[in-house]
Amino acid sequence: MKARRIKVDYLANIIVDVPTMQTDIPYSYLVSKALGKNIQPGMRVAVPFGNGNRKVQGFVVSIEERSDDTIVDHLKEIDTVFDLTPVLNEELLILAEEMKRRTFSFKITCLQTMLPSVMKASYQKWIRVVDEIPEEINARVFHYLDEVSFDEVEKSNYLPEVMRLKQEEKVEIRYEVKSKNRVKTIQAFATSLTFERLEEERMMLRKSAKKKNQLLLYLQSLDGKSCTIKEATEKLGISRQTIKEGEKQGWLTITEQEIYRDPYKERFFERTVPLKLTPQQELAYQKTRRAMDEEQATTFLLEGITGSGKTEVYLQSIAHALEKGKSAILLVPEISLTPQMVQRFKGRFGDEVAVLHSGLSQGEKYDEWRKIERKDARVVVGARSAIFAPIENLGIIIIDEEHETSYKQEETPRYHARDLAIWRSKYHHCPVVLGSATPSLESRARAQKGVYELLVLNERASAQATLPEVEIIDMRKEYRQQTGGTFSTKLLEQIQLRLDKKEQTVLMLNRRGYSSFLMCRDCGYVLPCPNCDISLTLHMDTKKMKCHYCGHEEHIPHTCPVCNSKKIRYYGTGTQKVEEELKKNFPTSNIIRMDVDTTRKKGAHERLLQKFGNQEADILLGTQMIAKGLDFPNVTLVGVLNADTALNLPDFRASEKTFQLLTQVSGRAGRADKKGEVIVQTFNPKHYAIQFAQDQDYEGFYKREMQIRHQGNYPPYFFTVQIITNHEDETVAAKKMFQIVQQLKQILSPQSILLGPTPKAVLRVNNRYFYQTVIKYKHEPQLEAALRAILEEAQLEVRHGLRLSIDVEPMNFI
DNA sequence: AGCACGCCGACT
DNA sequence: GTCGGCGTGCTC
């Protein structure tokens with residue numbers, strides 16, 4: 001047999017940045033000889049795509065070798081490679097596929113979600129002159145330039161005539177794909193010369209060349225290592241010019257050195273040492289440690305009351321992972337990712353810690369990401385998306401406050417970080433620790449069934465710390481007695497007491513399902529959003545009326561648009577209104593208000609907390625955001641102004657959320673030496689969520705809530721999937737939803753329950769109409785395929801403006 | 001998504 | 001006749 005000589009060449013399979021169902025598959029491209037083996041799966045590239053060969057970004061997902069006889073005539077070639085090394089490793093590429101399957105989203109969206117946003121491509125089009133064009137057009141449109149921006153031509157309405165020139169091939173359209181990620185560099189210098197050679201150079205200097213002499217001596221001391229120019233100018237007082245001169249004479253070289261934008265560089269982190277563990281902590285630590293040693297992908301549920309020292313267990317578990325040469329991911333909710341939190345981890349692990357959260361600039365996020373990728377940081381602390389940290393040898397994953405709904409992403413891809421954490425733990429054969437004082441019912445139930453292993457910390461770690469006393473105030477009685485302010489008599493008394501004693505008070509206004517809107521006292525007219533079926537909210541700081549759904553803004557009216565009455569006032573309990581009421585009651589007190597308005601600016605959140613921590617204010621008034629992780633020893637009173645607004649929402653998790661919030665906020669009162677007090681104002685004083693929160697009885701709440709979930713056929717007894725259609729035309733959205741329900745009825749077993757179709761609580765948002773259906777089921781092997789078919793079939797209508805989304809285990813049912 | 005192609009009505 | 005409207009198919 002004649003040996004056939006095979007010329008090896010490569011094909012790359014690429015997912016392109018065109019998020020549609022039809023293009024949600026890998027496309028094959030030729031790898032040029034020049035690129036050859038340098039191209040690997042997980043790299044970003046630009047490829048020509050479609051009829052016009054416009055350039056789009058893509059991700060290489062696999063490489064195939066090809067022999068001479070592979071037919072490749074129809075294949076195009078990769079245009080540009082953006083990365084020197086892959087930005088997604090094999091594990092994350094597999095995870096992206098898993099995510100696509102589980103969340104019914106496009107692969108490209110999943111891939112992009114896993115990376116810092118700077119890595120997403122930005123597109124620009126240019127019109128380039130390639131032949132003689134009429135003088136007049138050249139002047140008017142092109143300003144005699146070779147190339148002008150497509151967008152500008154379009155804006156000035158010259159596009160039709162330019163397109164005619166394109167037909168005649170006198171101009172071309174050039175597609176540009178750019179990646180925004182920029183590595184920040186700093187200039188440094190080093191020498192490759194030996195000590196002796198440097199000495200010779202030094203001898204050759206003129207007597208007057210003092211600075212050069214100094215620089216050469218310094219170079220000798222560096223022993224070949226490099227030094228930044230900045231450092232040299234500061235330390236030695238040598239000018240940049242002298243160093244440049246050295247380069248010219250050839251005894252040193254200047255290089256660009258990569259640096260990280262360190263968002264925490266201004267701070268000093270005091271090193272902390274491991275604390276002695278309580279027996280309960282010790283047991284929890286030993287269990288996770290053993291799982292690490294035995295490479296078991298166990299999921300632990302660490303149920304620990306406030307102050308029981310969960311964080312110390314995390315810290316020591318992470319330390320063990322590091323000892324084993326492995327890495328760790330710690331997820332915390334975005335709002336808990338405070339400087340104090342970061343401090344605890346940086347204090348223990350120093351520069352090994354990378355922090356990923358939304359407060360960082362795009363560049364800073366990218367740098368933290370790169371630090372992880374290059375293994376300069378082995379501990380990742382971050383919010384939801386930190387679950388995608390490019391770590392290769394995970395030793396442990398920890399999710400703090402595991403019950404937080406912010407771990408579920410509310411936009412596509414609608415992934416839950418907890419599920420992906422468990423997936424990664426299986427990949428790495430390492431444990432996951434889910435920690436909470438008030439675990440989600442789902443997780444607690446799984447621990448009951450033995451799917452997760454339950455670890456309990458029900459003792460406070462420090463002996464002096466006692467649980468605060470919680471008092472429930474029945475606001476129905478209060479209202480009967482007085483004119484109906486926000487504050488009960490008891491709460492006002494207690495605040496006054498704290499002011500007298502120079503102690504601090506935290507007041508929380510539960511804003512779920514609440515807003516301050518504008519209403520006419522004469523005719524009852526409420527100012528609505530023109531685009532959505534919801535009333536506009538008053539924002540005093542900007543003096544505007546704003547829609548929380550679509551962002552629409554307008555001026556505050558002085559008279560009622562309907563009856564012209566001047567008695568148009570705001571209504572409801574906004575933080576601003578409460579602040580005014582507070583000032584009226586306590587004119588001399590200092591109040592810090594924390595809400596979306598006062599914390600909009602970068603770092604404002606932190607600044608306000610710092611101010612309060614320095615005792616520059618007596619009262620901290622805020623929304624949910626103050627419930628978490630702030631430990632101020634001088635706070636001895638916590639007031640919850642309206643505990644139950646969330647209870648009235650038509651959401652089966654309403655009780656759970658209320659219980660969690662009250663438990664959490666109660667933990668903010670009182671520290672070591674000063675006993676704390678909590679006052680909860682409510683219209684439902686007998687509600688079980690409030691009663692169990694008063695006793696800080698999680699297990700009691702869990703048992704009671706499970707009964708209710710069982711009766712209502714809700715999770716964790718049932719799985720849920722939510723389908724939403726939306727369209728500019730209400731009938732189209734409704735019709736499609738009804739059709740989908742018909743289809744589902746065909747395949748669902750009688751044990752499953754369909755809720756809907758119903759219009760969403762807010763029917764119209766941004767002039768689109770929303771309809772939904774929820775499927776509750778225990779076992780439906782055919783459901784996934786059916787949902788996929790529904791998506792597929794809807795494609796025709798998607799063309800006509802229909803949008804369809806599938807949310808597996810949704811967090812919001814309203 | 002966004003481009004080409006093709007089929008229709010309204011113009012120079 | 002042709003310019004440009006939009007509905008449809010396809011993208012390695």
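Convention: sequence-line order gives letters A, B, ...; per-chain numbering from 1. No experiment lies behind these values; they were computed from the predicted model shown.
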Donor-acceptor contacts, no H, no angles, side chain residues 47-54 of chain A, under 3.5 Å, sequence neighbours left out:
unit_1: A:N53; atom_1: OD1; unit_2: A:K76; atom_2: NZ; d: 2.4

* Structure fact -> Contacts satisfying ring pair (Phe, Tyr, Trp, His ring centres under 6.0 Å) that involve residues 135-161 of chain A (not counting sequence neighbours) are none
* To do: Evaluate the ring planes of A:F388 and A:Y415, with Trp represented by its six-membered ring, and classify them as parallel (under 30°), tilted (30 to 60°) or perpendicular (over 60°).
  => perpendicular
* **Those residues that, when tested against A:K735, pass salt bridge (charged side-chain N to carboxylate O under 4.0 Å, His left out) (two or more places apart)** => none
* To do: For residues 790-799 of chain A, pull every pair meeting side-chain hydrogen bond (donor to acceptor under 3.5 Å, both in side chains), keeping only residues two or more places apart or in separate chains.
  => A:K736-A:E797, A:Q743-A:E793
* Across the strands shown, which category fits A:F106 at heavy-atom distances under 4.0 angstrom: base, sugar-phosphate, nothing? -> nothing
* To do: Encode nucleotides 5-12 of chain C as B, S and - characters from 5' to 3', where the letter depends on protein heavy atoms closer than 4.0 Å: B to the base, S only to sugar-phosphate, - to neither.
  => ---BBBBB
* Sequence neighbours left out, what passes salt bridge (charged side-chain N to carboxylate O under 4.0 Å, His left out) with A:R768? Give chain and number order. => none
* Pairing annotation in dot-bracket form, given for DNA chain C with Watson-Crick or G-U pairs under 3.5 Å and | for cross-strand partners -> |||||||||||.
* Who passes salt bridge (charged side-chain N to carboxylate O under 4.0 Å, His left out) against A:K170, sequence neighbours left out? -> A:E168
* **side chain to side chain donor-acceptor pair (under 3.5 Å) partners for A:E136, two or more places apart** => A:R140
* Asked: Taking 5' to 3' order, which nucleotide of DNA chain B is first and which is last to have an atom within less than 4.0 Å of a heavy atom in chain A?
  -> B:dA1 to B:dA4
* Asked: With A:K375, which residues qualify under salt bridge (charged side-chain N to carboxylate O under 4.0 Å, His left out), at least two apart?
  -> A:E392
* To do: Can you run down the salt bridge (charged side-chain N to carboxylate O under 4.0 Å, His left out) pairs that involve residues 107-126 of chain A, sequence neighbours left out, and say none if there aren't any?
  => A:E97-A:K107
* Asked: Touch check for A:K55, heavy atoms < 4.0 angstrom, all strands: base, sugar-phosphate only, or nothing?
  -> nothing
